[in-house]
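Down below is the structure, laid out as structure tokens.
Sequence positions, counted from 1, serve as the residue numbers for this chain.
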Amino acid sequence: MEQINKGTVPPKTLRISSHDLLVATNRPTSGEGYTLLKKALDRLSGVKIKTNIKTNRREITERFGLIDKYTIIESSRVKKRMVRLEITLSDWFYNSIIGKEVLTINREYFRLGKALERRLYEIARKHCGKNPEWSIGLRKLKEKTGSTSHLDKFRFFIREIERKDHLPDYSIELLDNEVVTFRLNKEFVGIDDLPRIKPETIERARKITEEAGTDWDFQELHTQFALSLMSKKFVPDNTDGAFIGFIRYKLRQLDY
């Protein structure tokens, strides 16, 4: 979704470094981490959904998986070490992404250590979104999270998360032990709101980065530029020119 909002349409088959994926999702990069990643891919391949949900202005009624297939390229020098992944998304999932029916999430989401915290963030992102606040009954929230805990125990967990207050973008408050209110921590400015960068500008910047022969990762530079605009709430007159200038500036820093 971040790529689409920046002006790049991703292919249906995604190619990614296994190490980068583990780091981005806050997973261990040890041998055990790679083993768990393989098991996760097997589980995703086995997930089947039957639905008639409309995606990208099309209604499809069928049974399908989240991903069609995956390919693992392993190192010949390091036993059981994955070098690269290729993951082909299902038509339904891919249409959802292209149709912008999937939300972006804060990178700090992957730093949340508990499943309940992640689920609460997902609920807040969907229902509260960019609104100042959104409220829901405790029992209803428990149902939405899929928690199997007793209501009293669930109430205790919510109180603990409220006390720690480390959900990205949102804070929660439990009122009268029965109503949970989600609030924006600050004005929400997502990558969705940033001015678009032309695809040809992105490719030009990628080429400049590659020809510089540095260790800079282009995608990381792209993200840094987006985040800098978000933090400053600044929209340049010429976003494409500003992006190229930012890339050149970051590459020049390596000369010092």
Side-chain angles (χ1 to χ4, degrees), residues 1-25 54-58 60 66-71 73 83-110 125 129-130 169 187-256:
M1 286 310 301
E2 180 177 332
Q3 286 301 299
I4 290 175
N5 291 328
K6 288 177 178 178
T8 301
V9 178
K12 186 180 176 184
T13 297
L14 308 176
R15 295 173 177 84
I16 186 172
S17 160
S18 305
H19 181 271
D20 289 348
L21 176 60
L22 291 171
V23 170
T25 55
K54 292 181 179 180
T55 61
N56 198 18
R57 298 183 180 181
R58 298 177 62 192
I60 304 174
L66 290 178
I67 62 176
D68 280 350
K69 66 176 182 177
Y70 71 87
T71 302
I73 303 172
V83 177
R84 203 157 193 84
L85 286 176
E86 291 186 2
I87 302 174
T88 301
L89 305 178
S90 69
D91 289 339
W92 183 86
F93 192 16
Y94 187 65
N95 281 335
S96 298
I97 295 172
I98 298 302
K100 291 191 174 184
E101 294 167 0
V102 178
L103 293 171
T104 54
I105 59 174
N106 192 307
R107 284 189 166 195
E108 294 303 311
Y109 166 86
F110 295 106
R125 183 71 183 91
K130 301 175 185 179
D169 303 325
E187 183 179 352
F188 187 91
V189 181
I191 292 179
D192 311 37
D193 303 311
L194 295 176
R196 301 291 187 263
I197 300 175
K198 296 178 182 177
E200 54 266 33
T201 302
I202 292 175
E203 290 309 309
R204 179 187 171 195
R206 189 192 305 277
K207 186 176 180 180
I208 291 173
T209 303
E210 292 173 351
E211 290 179 347
T214 69
D215 292 329
W216 275 111
D217 177 72
F218 171 74
Q219 187 54 51
E220 177 61 26
L221 291 175
H222 198 168
T223 301
Q224 285 186 20
F225 176 74
L227 294 176
S228 69
L229 293 187
M230 289 167 61
S231 62
K232 298 174 183 177
K233 299 179 182 177
F234 169 68
V235 179
D237 293 332
N238 185 341
T239 306
D240 293 86
F243 180 51
I244 295 296
F246 177 85
I247 294 292
R248 294 188 186 281
Y249 169 75
K250 296 294 288 189
L251 295 175
R252 283 200 304 270
Q253 287 184 319
L254 295 176
D255 296 332
Y256 297 96

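- Contact check for Ile87 versus Thr13: no side-chain heavy atoms found under the 4.5 Å cut-off.
- With a 4.5 Å cut-off on side-chain heavy atoms, Leu14 and Glu86 do not count as touching.
- In this structure, Phe225 and Thr239 have side chains that are in contact, with non-hydrogen atoms separated by less than 4.5 Å.
- Here the shortest heavy-atom pairing between Leu66 and Phe93 reads O-CD2, 3.5 Å.
- Residues Thr88 and Tyr94 have side chains not in contact (no heavy-atom distance under 4.5 Å, counting atoms from C-beta outward).
- Closest approach of Ser90 to Asp68, counting heavy atoms only: CA-OD1, 3.5 Å.
- Taking every heavy atom of both residues into account, Thr209 and Leu251 meet most closely at CA-CD1, 4.0 Å.
- Within the model, atoms CZ of Arg206 and CD of Glu211 stand 13.0 Å from one another, a figure rounded to the nearest 0.5 Å.
- Closest of all the heavy-atom pairs between Lys12 and Leu89 is CE-O, 2.7 Å.
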Should Thr201 and Asp240 be marked as a side chain to side chain donor-acceptor pair (under 3.5 Å) after you check the CA-CA gap, both sets of side-chain angles, and the distance that decides it?
-> CA-CA 6 Å; Thr201 302; Asp240 293 86; 2.6 Å; yes
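- The CD1 atom of Ile208 lies 7.5 Å from the CD1 atom of Ile247; values are rounded to the nearest 0.5 Å.
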